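Presented below is the structure to which this report refers.
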Amino acid sequence: TRPKEMSAEVVDSNPYSRLMALQRMGIVKDYQRIRDKTIAVVGVGGVGSVAAEMLTRCGIGRLLLYDYDKVELANMNRLFFRPEQAGMTKTEAAAQTLAGINPDVAIESYTMNITTLQGFDAFKASVTNADGASRVDLILSCVDNYEARMTINQVCLELEQTWMESGVSEDAVSGHIQVVIPGETACFACVPPLVVASGIDERTLKREGVCAASLPTTMGIIAGLLVQNTLKFLLDFGQVTRYLGYSSLTDFFPTMDIKPNPGCSNPLCPKLQAAYQQQYNSEEALAARS
Ligand code: ATP
Ligand code: ZN
């Protein structure tokens, strides 16, 4: 006979029951809403693949995956991909593994470079619905270079779409996540990305000819922080941290708010900043009157 704790009424084999427990315990109001959410993960490498797996296990409704690269044996010091997937495109390999983990997730894979002219248009079209508005709830940037981040920034300013940026430093021992809400927070063009006043070395630019270090630990932690804040954002619990750094050498987690720059080099940004300010001021005035 099975021990009492193992009886069917205690251990539910439904994979969603542990997630629904979040609701019973009062952490999340309506967990099922996650089934209606769509997330785009741009860059299915060390951070993006793990973030996609976490979202899949959490029962996200739809995942859009973007990458131009193939799985290599050299990627095996990271989590997620397996040696037998070497040679497959990262999007194809990820779609295969994720569908095996949770077939309820609708997966769209886009094997493309988002920074080319056609890539930009195709990327923007893939996240836009027939009315010209965004069809995704959030875009996660898990790329490793400046141009790709600037491309995501441009699309998100054009669609007024909230996104989260992530990065791991070249020496693999620090990283960060940053929430970008067009008009409300700094966009990626507002502040030079290398001079973030966090006190930690944040060299997230991929330099030509430099063999960057990478650790599955740091990448896994950054993916975890990214998806944790994604869940809070989607399901409206706790507080979404606007900027969260991670320095593994001292276990230092700096947080901050980065204000938008009125002199931002992207002309769309100051326009959205003005619109946000106007909205904010009218809400304040309304609150003062009541
Ligand atoms: P390494 O450079 O260390 O070998 P990597 O290229 O896999 O690793 P990661 O930091 O693990 O880098 O992941 C970043 C991912 O983002 C990569 O899979 C890369 O192909 C993808 N990526 C970067 N730029 C673009 C782009 N412009 N369009 C689509 N995917 C991109
Ligand atoms: Zn800006």
Side-chain angles (χ1 to χ4, degrees), residues 40-52 64-81 85-86 88-94 109-120 122-124 126 139-158 160 163 165-172 175 178 180-193 203-216 218-220 222-223 226 258-274 276:
V41 177
V42 187
V44 191
V47 173
S49 62
V50 177
L64 281 55
L65 305 174
Y66 301 81
D67 208 298
Y68 55 68
D69 210 4
K70 288 188 167 156
V71 178
E72 291 171 45
L73 286 178
N75 298 140
M76 294 308 137
N77 69 323
R78 291 95 185 266
L79 303 170
F80 190 71
F81 290 117
Q85 293 178 318
M88 290 174 78
T89 62
K90 288 182 178 176
T91 47
E92 183 192 353
S109 36
Y110 298 93
T111 309
M112 60 183 217
N113 181 351
I114 62 159
T115 62
T116 64
L117 275 179
Q118 289 144 306
F120 179 92
F123 170 46
K124 188 177 173 190
S126 70
I139 296 179
L140 300 181
S141 167
C142 304
V143 293
D144 57 354
N145 62 87
Y146 180 77
E147 293 78 15
R149 291 183 172 100
M150 285 300 257
T151 299
I152 297 168
N153 193 56
Q154 182 65 35
V155 167
C156 289
L157 284 172
E158 289 179 15
E160 299 183 36
W163 61 290
E165 137 72 2
S166 70
V168 172
S169 63
E170 207 171 69
D171 61 12
Q178 181 182 340
V180 182
I181 309 170
E184 187 175 336
T185 70
C187 85
F188 198 70
C190 274
V191 265
R203 289 170 299 162
T204 51
L205 263 187
K206 195 174 181 175
R207 287 184 294 168
E208 234 25 83
V210 174
C211 177
S214 70
L215 282 170
T218 309
M219 287 179 157
I222 294 301
L226 186 64
I258 309 176
K259 294 265 164 326
N261 177 2
C264 178
S265 61
N266 189 313
L268 272 175
C269 184
K271 271 189 212 154
L272 294 170
Q273 290 177 37
Y276 173 77

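Throughout, residue positions are numbered sequentially from 1 according to the sequence presented. Order of listing sets the numbers, starting from 1, for every ligand and every atom in it. For the numbers below, each heavy atom of this structure counts, side chains included, while hydrogens, waters and symmetry mates do not. Since the structure is predicted, the reported quantities are computational estimates derived from the model, not experimental observations.
Interface atoms of ligand 1 facing Gly46, defined by a heavy-atom separation under 4.0 Å, are 9 (P), 11 (O), 13 (O). Residue-ligand proximity, Met112 to ligand 1, at heavy-atom distances under 4.0 Å covers atoms 28 (N), 29 (C). Within the listing of ligand 1, atoms 11 (O), 13 (O), 15 (C), 18 (O) sit less than 4.0 angstrom from a heavy atom of Gly45. Which parts of ligand 1 touch Asn113 is read off a 4.0 Å heavy-atom cut-off, strictly below it: atoms 26 (C), 27 (N), 28 (N). Short contacts between ligand 1 and Lys90, defined as distances under 4.0 Å to a heavy atom of the residue, involve ligand atoms 5 (P), 7 (O), 17 (C), 18 (O).
Thr91 and Thr111 share a donor-acceptor pair across their side chains, judged by distance under 3.5 Å alone.
Residues forming a side-chain hydrogen bond (donor to acceptor under 3.5 Å, both in side chains) with Asn266 (at least two apart in sequence, or on another chain): Gln154.
The option from Val41, Thr111, Asp144 that lies nearest to atom 12 (O) of ligand 1, judged by heavy atoms, is Asp144. The closest heavy-atom contact to atom 22 (N) of ligand 1, among the options Ile152, Val50, Asp69, Val143, comes from Val143.
Of all the heavy atoms of Glu147, none lies under 4.0 Å from any atom of ligand 1, so neither backbone nor side chain is involved. Under 4.0 Å from ligand 1, the heavy atoms of Asn145 that appear belong solely to its side chain.
In terms of polar-atom proximity, Tyr66 is not counted as a contact of ligand 1, lacking any N or O under 3.5 Å from an N or O of the ligand.
A donor-acceptor pair under 3.5 Å is absent between the side-chain atoms of Asn153 and the main chain of Cys187, judged by distance alone. Judged purely by atom type and a 3.5 angstrom limit, Asp67 uses its side chain to pair as donor or acceptor with the backbone of Val44. Counting only distance, with no hydrogens or angles, the side chain of Ser166 and the backbone of Ser141 share a donor-acceptor pair below 3.5 Å. Using modelled atom types, no side-chain atom of Glu160 and backbone atom of Pro182 make a donor-acceptor pair closer than 3.5 Å.
The distance from atom CE of Met150 to atom OG1 of Thr115, rounded to the nearest 0.5 Å, is 12.5 Å. To the nearest 0.5 angstrom, Glu165 atom CD is 9.0 Å from Leu226 atom CG. To the nearest 0.5 Å, atoms CD (Gln85) and NZ (Lys70) are separated by 14.0 Å.
Under the 4.0 angstrom criterion for non-hydrogen atoms, Cys142 is in contact with ligand 1. The closest approach between any non-hydrogen atom of Arg78 and ligand 1 is below 4.0 Å.
In this structure, Tyr66 and Phe123 have perpendicular ring planes: the angle between them is above 60°, well past the 30° mark.
Between Met219 and Val47, the closest heavy-atom pair is O-CG2, 4.0 Å.
Listed by chain and number, the protein N, O or S atoms at a distance under 2.8 Å from the Zn ion (ligand 2) are Cys187 SG, Cys190 SG, Cys264 SG, Cys269 SG.
Side-chain contact check for Leu64 versus Tyr110: some heavy-atom pair is nearer than 4.5 Å.
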